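This structure is a prediction, so every number in the text was calculated from the model and none was measured. Values below: every heavy atom of this structure, side chains too, minus hydrogens, waters and symmetry copies. Reminder, nothing fancy here: chain letters follow the sequence lines and each chain counts from 1.
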Amino acid sequence: MKDIIKNLVGDALEKVAGSHHFVLPESYAIQIEQTRDASHGDYACNIAMVLSKQVGMKPRDLANLIKDATTDNEYILKIELAGPGFINFFIDATAYHSIIPEIFEQGHDFGRSTSEEHQKVLLEFVSANPTGPLHIGHGRGAAYGATVANLLRFAGFDVTCEYYINDAGRQMDILAASIWLRYQQVFNNALSFPDNAYQGDYIKLLVNNIVESHGDQYTYDLDAINEAMADDDAERRLDSIIRICKEALGKDCYQLFFKAGLDSILQGIREDLEEFGVCFENWFSEQSLVDDHTVDACLEKLEEEKWILEKEGAKWFASSRLGDEKDRVLIRENGQATYFASDIAYHKNKFDRGFDKVINIWGADHHGYIARVKAAITALNYDAGKLEILLVQFATLYRGKEKLQMSTRSGEFITLNELQQEVGKDAARFFYILRKSEQHLDFDLELAKSESNDNPVYYIQYAHARICSVFRQLSEKGFIYDRKDGLNSLSNLTEPHEMKLLATLTRFRDVINSAALNYEPHQLAYYLRDLANDFHGYYNASQFIVDDTVIRNARMTLIDACKQVLLNGLSLLGVSAPEKM
RNA sequence: GCCCUGGUAGCUCAGUGGAUAGAGCAAUCGCCUCCUAAGCGAUAGGUCGCAGGUUCGAUUCCUGCUCAGGGCACCA
């Protein structure tokens, strides 16, 4: 309908331009909007105000000419001028009815688009360090990423979801050393434990497994450890312990501790995500980039292209020449590559896989990192414009009014899994995406738990369950739902509640498109609330199960279509659509 | 100091270059002999952070200021 009006206005405009001898600007966009206020008709166009100056006419005069020049259309009942120069279109109800058969024809695919077909997208998200279970902070990225992926797929993109495993680097060494220290503690009560090592309970569970299968064969000299612990500098102390741990165990046995931590934590992460309805096609290992020399290759390439500087004993990437605020270290003074070096390799790998779009979802704390990554991509002669970085603001956790700190190292956190047990997947997924991603999210545990019924997800699900219930009642009362008859009787749907519901159903495709292309799942959440609201209003205003067969079938057909759209929308959000509540 | 985000009803947040700025919660008042009251309807609540600018029109765009959160490592 929007397009029909757009074309009519476009034609009328050209006609007016011809007869009044003025020249239209080379490019102008005709905007047609669904109105909010019924007194403004069904669709409104503001083109007269947009063009009035360039054309040299008063907006209302131009609007009037356009109105008169618009050819008749079977669906347009009347055109009115209003306000400063709006052209309002009043549409015949039957134009709205046409959405119902379309909903049934496409079913689960209603709202799906093929306009972005063959666009290959890589979507990387979560990618939390495998040093502990996922907590509530990670949940936001997981829910957001998974929903964006669903939306993009529905919009026609070919999406691959990927989790980048930071299985190389110092954090992992700290983890391995933490496990080793806990292991030592089992046999030496006197040993203290540094507060900047990983101290969550999950470490103790891991240690128990090692003790069970390997006994005390890896115990080590207590004095040597205590000596290292005496260092005043907390981070240096950790490095000493890592060094001692590596020396004491040797390469193979160190791997035993390392892998024990990595494998079981990663397994836990996979399970938690799966339970949360978040699936990845790829789990990409950082270490693999070291092993297959991609990191080395990148460094060589950058060296060749003269992007590498040596100063203060380290190798730097001259990112400041590409818009970054300063240069960045790639190889440290001690010869070790930085995380940034392997991240460059990772992005090279992503680009080499031939995606049309590479999207990273990062926590907002990484924003300073964007310039250097884009600089590296440009330096490697790739198109940095294909990389889009979506920042998700932090979720701050509250228990009532008390703000809780979340730290993986200190072991003080609520895990994603615990959240799911307490709040439920549906409510948690919905709560996470209800806020715009760039908004801070205050996640109040007390509120989420004690007043979970206030979560609008129940309101939407209730609409779906209510429709299902009406259908159950229908057959219990001995009626048979005849959709074909309903589709032929749609002209009976003319009440305000019915028209509103039809208008909202018509909006669905636009909403999906906009939510997908802008990476804004909350648009869909708010839309579904509106749709549920329209339905609940209709439910209270009209009886569906009435004796008049024609009216009954028409109304049942309308709420049947509404049910389908609720289901499609909820599925995209990863939320279930229960038939009973 | 520099760079991101945000400042909209008592609270939590949507929204928009346009016609009377919306929703939930909280408050007040109504609605179940009738398809699920996890619902519906109504009332009340606003100088859209402050000040300039662009515009026919700014809460929306631009600039400055201010407040709040985050980021500015040879950590990942």
Are side-chain N/O atoms of Y198(A) and Q171(A) paired as donor and acceptor at under 3.5 Å? yes
Ignoring backbone atoms, establish whether R555(A) has a side-chain N or O less than 4.0 Å from OP1 or OP2 of C35(B). no
Polar pair under 3.5 Å, donor/acceptor by atom type, side chain N88(A), base A19(B): yes
Distance check: side-chain N/O of K326(A) vs OP1/OP2 of A73(B), anything under 4.0 Å? yes
No-hydrogen, no-angle side-chain donor-acceptor test under 3.5 Å, N553(A) and S489(A): no
Kindly say whether, by distance alone, the side chain of H367(A) makes a donor-acceptor pair under 3.5 Å with the base of C3(B)? yes
Counting just side-chain N and O atoms, does N196(A) come under 4.0 Å of either OP1 or OP2 of C75(B)? no
Of the candidates G6(B), C75(B), A38(B), the side chain of M581(A) sits closest to A38(B)
Exercise: identify the closest heavy-atom pair between L309(A) and D327(A): CD1-OD2, 3.3 Å
If the cut-off is 4.0 Å, is H366(A) near the phosphate of A76(B), judged by side-chain N/O to OP1 or OP2? no
Any idea which of G39(B), C35(B), A76(B) is nearest the Y459(A) side chain? G39(B)
Could you give the distance separating A21(B) and A27(B) at their P atoms, to the nearest angstrom? 26 Å
Relative to its sugar, using the 90° cut-off around 0, the base of C29(B) is anti
Using a cut-off of strictly less than 4.0 Å, decide whether Q439(A) has a side-chain nitrogen or oxygen near OP1 or OP2 of A14(B). yes
Ring centroid separation F125(A) to Y144(A) under 6.0 Å: no
